[in-house]
Amino acid sequence: MNKDFLKSEFDAAVSAAAAEFGWELPDALEITFGVPKSEDLGDYSCNIAMVLAKQLKTNPRKAAEAIVTKLSGKAEFIDRLEVAGPGFINIFLKDAWWQSTIREAIENGAEFGKSPSKNPKKIQIEFVSANPVGPLNVVSARAAALGDSMANLLRAVGNEVEREYYVNDAGNQVITFAQSVASRYMTLIGRDYPFPENGYLGDYIEEVAQHIYDEHGDEFAALADDDGVFTRFRDASLGIMIESQQRTLHDYGVDFEVWFSDRAIREKGALDEVMVLLDGSNKAFEAEGAKWFRATDFGDNRDRVLIKNDGEATYLLGDLAYHRDKYQRGFDTLIDILGPDHQGQVQGLLGGIEAMGFDPNKMKMIISGHVRLLREGNALAMSKRAGDFISMDELLEDVGKDAARYFFLLRSASSHLDFDMDLAKKETPENPVYYVQYAHARVRSIFKKAEEKGVDYDSDLCAADLSLLGQDEARIAKRLCRFEEMIERSAERLEPHNICYYLMDLASEFHSYYNKTKVLTEDPPLTSARLALSEAVRQVIANGLALIGVSPPDAM
RNA sequence: GCGCCUGUAGCUCAGUAGGAUAGAGCAACGGACUUCUAAUCCGUAGGUCGUGCGUUCGAGUCGCACCAGGCGCGCCA
């Protein structure tokens, strides 16, 4: 049960009061409802009287009283209203409100909590997009958890969402990577090939080389002599790396709809097109043998090079071409999740987007904070170049997918994050993942027990007489009522961490209830009612966990 | 120096676009397993919301200035 019914009731009441007292209402009047801290203050509260009082220069309590008289006795779910404090209208709802929510959760199952699209948008969310020259690291793991959950949230509120991974398969680091692999490969077939300067270290390079050897034997023996052969070798190396990244992400529960190749749009001439566009509108200039973008005209603190004096494109130019392509694909909203080391490029990119004639407001850039891995209380040193880092695979191996995803979402995206690997691994009460999952398993366990013992209850849980439930149960059910609005808010603000906190609160209430109250009783109607509530709780936990990609266990 | 992020309980962090008495987990202390799973529960304790001004009926939340920490500021990607 969402709170739309409140909105329409209040809209009507405020208009009616305005008509009677001659208030001049502002054009865009949004009536919002909050949840009071104390349940003595009602199920919802509305501060509209105080908002109006400011503009109309009237007494807020009087305005509140006036609105209340227009509401009384009209709305079907409203039990009573109180004007309190400086002018809040506190709303107490009838039991039918939370009772119908229990039935809704059971009936709608996995759909419960999703809302029909009021204004559906076509949204693209791009994340991870790590260079295909090495295994994914923990920063990617965080981005993957964030992006995937955001996509789930945006879908849950009715949008059309596409997840995209930008494969940076052009440029120098790809050559260096292929050369690094080549050097190891040649060793395997007993030949020499120089290891490149600043080449990539790390065992995975040898694994890629071995993989190629297993598949192609010494087919690439002529590598050093023939460019065409090297190109095929490079593509094979890239292919193996990308596949390995896809596998890692898949194991993590993240599957992208689109893997977008940088090289593909470059080959279509997209870079030239951007240059023509910027040149033609005088937003680029030539200096010191290079081509520059007038980024300072668009809020950046310095101009940026687009084409280096050796004729090569910079990363920025490639990124502009890519984003131009995104805009041309016709999305209403574009979301980028960037790692903390990319914050310096945001202004240049947004400026370039504007310079190319696109609306930068369609773009939402989310910069995720740093991740620090802690083991035994100490931060682990991470050096990529030396091949000395914890990969995403190792992290998943160590703590598991569920704990990893949950921990990454426990903080808001922009915050720095300390990932305590010892805690994530623990199967103890300190670990919040298990706490929530356990609540789910507990409900399953109750039903299993009911079957085993042949407990008598109505298998049609929606037919249960929910008026048999008491205060504690009502409190839990009321939290279920807030599930949908929690999702809406989280989706709107792109803050999946809310889900974790909601689930912990719900699990906590249920654990508490479980310890205090026997669900399975000698009284079949009562048992049915309590089972209905339990099942509704289980469904909501399962749905919440699904949004963040964590599994709901049947037993633990 | 400029820009971005962060500053809330001993620790790690929430805080629903300005609302009513600032919350949770962990850690600490004291209790609860003959029970539908103790991976749980109940209770106790813990605060100058970094500092100072300001905006107003009302500020952890908004503005300004400081302080502290992190990151970024390349013809690298």
Side-chain angles (χ1 to χ4, degrees), chain A residues 32-38 41 45 47 50-51 53-54 59-60 84-88 90 131 133 168 171-174 198 287-292 300-302 304-316 318-319 340-347 367-370 372 374 377 410-412 414-418 420 423 426-435 437-439 441-450 452-453 455 482 485-486 488-490 492-493 495 497-498 500-501 504-505 507-508 510-521 527 530-531 534 555-556:
Chain A
T32 59
F33 300 89
V35 178
K37 282 174 189 155
S38 161
L41 299 175
S45 72
N47 68 351
M50 292 185 289
V51 173
K54 187 178 239 167
N59 180 319
F88 289 104
N90 290 338
N131 289 337
V133 298
N168 210 313
N172 287 327
Q173 90 273 345
V174 173
N198 290 324
E288 301 163 48
K291 279 277 196 180
W292 296 71
D300 207 347
N301 50 17
R302 45 165 296 175
R304 304 281 173 178
V305 173
L306 295 166
I307 295 177
K308 302 186 265 180
N309 60 17
D310 64 2
E312 290 285 315
T314 59
Y315 183 82
L316 174 63
D319 222 12
D341 46 335
H342 289 71
Q343 61 167 259
Q345 74 198 46
V346 169
Q347 210 40 251
I367 313 284
S368 76
H370 267 88
R372 237 173 21 143
L374 300 179
L410 222 30
R411 306 283 170 261
S412 61
S414 59
S415 295
H416 300 187
L417 182 145
D418 283 341
D420 185 336
L423 177 60
K426 267 187 206 164
E427 299 193 3
T428 63
E430 304 117 83
N431 190 334
V433 192
Y434 293 107
Y435 186 84
Q437 289 183 315
Y438 187 44
R442 263 193 158 157
V443 177
R444 289 290 203 213
S445 167
I446 296 171
F447 277 92
K448 204 173 141 205
K449 196 61 152 193
E452 281 170 17
K453 294 194 351 187
V455 174
R482 321 238 185 249
E485 59 197 70
M486 184 279 294
E488 280 171 6
R489 195 174 63 240
S490 303
E492 172 146 4
R493 299 166 68 158
E495 292 181 338
H497 70 273
N498 287 330
C500 296
Y501 287 93
M504 286 191 284
D505 287 342
S508 168
F510 185 75
H511 284 312
S512 178
Y513 169 68
Y514 176 93
N515 273 271
K516 205 156 110 188
T517 314
K518 293 277 281 182
V519 174
L520 305 177
T521 68
T527 301
R530 288 179 176 171
L531 280 172
S534 303
M556 291 176 73

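Note that the structure is predicted; figures quoted are calculated from it, not measured. Sequence lines set the chain letters: A, B, ... in the order given, protein chains first and strands last, and positions in each chain run from 1.
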Contact between [X] and [Y] at the side-chain level, heavy atoms closer than 4.5 Å - yes or no?
X      : Y      : result
A:P36  : A:S45  : yes
A:F33  : A:E485 : no
A:V443 : A:Y514 : no

- Mark yes when over 12 heavy atoms from residues, nucleotides or ligands other than A:K448 sit less than 6.0 Å from its NZ; otherwise mark no.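 For A:K448, atom NZ is not crowded (no more than 12 foreign heavy atoms under 6.0 Å).
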
- Specify the glycosidic conformation (syn or anti) of B:rC13, with syn defined as within 90° of 0.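 Anti conformation here, the glycosidic angle of B:rC13 being more than 90° from 0.
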
Using a cut-off of less than 4.0 Å, is there contact between a side-chain N or O of [X] and OP1 or OP2 of [N]?
X      : N      : answer
A:Y435 : B:rU37 : no
A:Y434 : B:rA39 : no
A:T314 : B:rA77 : no

- Message: If I take atom OG1 from residue A:T314 and atom CZ from residue A:R304, how far apart are they, to the nearest 0.5 angstrom?
- Response: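 If I round to the nearest 0.5 Å, the distance is 10.0 Å.
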
- Supply the atom-to-atom distance A:R530 CZ to A:I446 CD1, rounded to the nearest 0.5 angstrom.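 Rounded to the nearest 0.5 Å, the CZ-CD1 separation comes to 11.0 Å.
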
Taking the same atom, [atom1], in [N] and in [M], what whole-Å distance lies between them?
N      : M      : atom1 : value
B:rG60 : B:rC33 : C1'   : 42 Å
B:rC62 : B:rG18 : P     : 8 Å
B:rG31 : B:rG70 : C1'   : 43 Å
B:rG43 : B:rA24 : P     : 11 Å
B:rG15 : B:rG7  : C1'   : 15 Å

- Message: What contact category does A:P340 fall into here, base, sugar-phosphate, or nothing, at under 4.0 angstrom with non-hydrogen atoms?
- Response: sugar-phosphate

Spell out yes or no: do the side chain of [X] and the base of [N] have one donor N/O and one acceptor N/O closer than 3.5 Å?
X      : N      : value
A:R442 : B:rU37 : no
A:D310 : B:rC75 : no
A:N47  : B:rG19 : yes
A:N90  : B:rA20 : yes
A:Q343 : B:rG3  : yes

- Item | Test side chain to side chain contact (heavy atoms under 4.5 Å, CB included) applied to A:R493 and A:N498, step by step | CA-CA 10 Å; A:R493 299 166 68 158; A:N498 287 330; 5.9 Å; no

- Task: Using a 3.5 Å limit on both pairing distances, list the dot-bracket string of RNA chain B from the 5' end; Watson-Crick and G-U wobble pairs count, crossing pairs take [ ], interstrand pairs take |.
- Result: (((((((..((((.....[...)))).(((((.......))))).....(((((..]....))))))))))))....

- What pairs with A:H511 under ring-ring contact (aromatic ring centres under 6.0 Å, His included), at least two apart in sequence or on another chain?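 For A:H511, the residues satisfying ring-ring contact (aromatic ring centres under 6.0 Å, His included) (neighbours in sequence not counted) are A:Y435, A:Y438.
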
- Item | pi-stack flag for A:Y501 and B:rA14, centroid dist under 5.5 Å, interplanar under 30° | no

- Message: Between P on B:rG74 and CH2 on A:W292, what's the gap in Å once rounded to a whole number?
- Response: 10 Å

- When every nucleotide of nucleotides 28-35 of chain B is labelled 5' to 3' by its protein contacts under 4.0 Å (heavy atoms), B for base, S for sugar-phosphate only, - for none, what sequence of letters results? -------S

